[in-house]
Amino acid sequence: KNIYVFMSDCVLDRITTSLLLSLSVCYRARLKFRRSYDKELVDAFKPPLSTLTDENTIVNEIEKFQSVIADSMKIGEHIAKNSSLKENIFMMFVCIELRIPLFIIGKPGSSKSLAKAIINHSMEGDGARLDSKLKHFKRLDMLSYQCSQLSTSEGILNLFKTCKLIQSKEDPEKFVSCVVLEEIGLAEDSP
């Protein structure tokens, strides 16, 4: 319900925009080649939903929404808000807010760790700046675990138990505790 604070500049109606963003999170973000998916969406959106004129409408609406969320975050003035960073922030923000597990996989330098740091620094809930749209969302407590060849399933499980304990002491409508596993591929090599 709070997501509507970001929709003031949307061209499409709220229901169409909500559906488009949901499909973006659930399906589109996973695709390497998105144009054919976007073409299918154009054909699928029929009244009473807003009609999408072409694939560019989809891309523009999603990118606009990603930019609005990124602009609400605390990002240093010398950090470029490129498309990878904005998409990572968008996906993390939505999935953390809704408690949806998320795996972000990418090459070094694709803004994964930077997006995580920005999200962790920005999601302050009620403690956010008064002018911030983020004050309408949950406060975040992020627990990070750096995986290595020495990582054990017990160590990772204990982190999740700690996260669950922290969450149990807070109001789930105003607070979310999450686990971030860094370099999970390294843990696969553990004995």
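This structure is a prediction, so every number in the text was calculated from the model and none was measured.
Of all heavy-atom pairs spanning Phe175 and Gln167, the tightest one is O-NE2, 3.1 Å. Considering all non-hydrogen atoms of both residues, Asp38 and Ile58 come closest at O-CD1, 3.3 Å. The two residues Val42 and Glu55 come nearest to each other via the heavy atoms CG2-N, 3.7 Å. When all heavy atoms of Thr152 and Gly155 are compared, the pair lying nearest together is OG1-N, 3.0 Å. Nearest heavy-atom pair, Ser122 versus Lys74, reported as atom, atom and distance to 0.1 Å: OG-N, 2.8 Å. Ser24 and Phe90 get closest at one heavy-atom pair: OG-CE2, 4.2 Å.
In this structure, Leu143 and Ile166 have side chains that are in contact, with non-hydrogen atoms separated by less than 4.5 Å. Contact annotation: the side chain of Glu61 approaches that of Thr17 to within less than 4.5 Å [non-hydrogen atoms, C-beta and beyond]. Using a 4.5 Å heavy-atom threshold, the side chains of Lys86 and Glu63 count as separate. Using a 4.5 Å heavy-atom cutoff, the side chains of Met73 and Ile89 are in contact. Taking the side chain as every heavy atom from C-beta outward, Ile118 and Asn88 never approach each other to under 4.5 Å.
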*Asn60 and Thr57: side chain to side chain donor-acceptor pair (under 3.5 Å), yes or no, with the steps?*
CA-CA 5 Å; Asn60 291 341; Thr57 307; 5.9 Å; no
*Tell me, with the steps shown, if Lys138 and Ile96 meet side-chain contact (heavy atoms from CB on, under 4.5 Å).*
CA-CA 9 Å; Lys138 295 177 180 80; Ile96 288 169; over 6 Å; no
*Give the C-alpha distance, both sets of side-chain angles, the deciding distance and a yes or no for side-chain contact (heavy atoms from CB on, under 4.5 Å) between Ile119 and Phe93.*
CA-CA 7 Å; Ile119 286 282; Phe93 177 78; 3.9 Å; yes
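Checked for salt-bridge contact, Glu97 and Arg139 miss the test: no charged N lies under 4.0 Å from a carboxylate O.
Note on Val59: it does not cluster hydrophobically with Tyr27, by side-chain heavy-atom contacts below 4.5 Å among ILVMFWY residues. The hydrophobic cluster containing Val25 also contains Leu85, counting ILVMFWY residues as joined when their side-chain heavy atoms lie under 4.5 angstrom apart, directly or transitively.
Rounded to the nearest 0.5 Å, atoms CG (Asp141) and CE (Met123) are 11.5 Å apart. Remark: Ile69 CD1 to Met91 CE distance equals 11.0 Å, nearest 0.5 Å.
Under a 3.5 Å cut-off, the side chain of Ser111 and the backbone N or O of Leu114 do not form any donor-acceptor pair. Checking side-chain atoms of Arg34 against main-chain N and O of Leu31 turns up a donor-acceptor pair under 3.5 Å. Judged purely by atom type and a 3.5 angstrom limit, Glu170 has no side-chain atom pairing as donor or acceptor with the backbone of Ser177. Distance alone, capped at 3.5 Å, is enough to place a donor-acceptor pair between the Ser168 side chain and the Leu165 backbone.
Contacts of Lys81 classified as side chain to side chain donor-acceptor pair (under 3.5 Å), with partners at least two apart in sequence or in another chain: Asp71.
Pairs passing the salt bridge (Lys or Arg N to Asp or Glu O under 4.0 Å) check and including a residue from residues 99-119, sequence neighbours excluded, read Lys116-Glu182.
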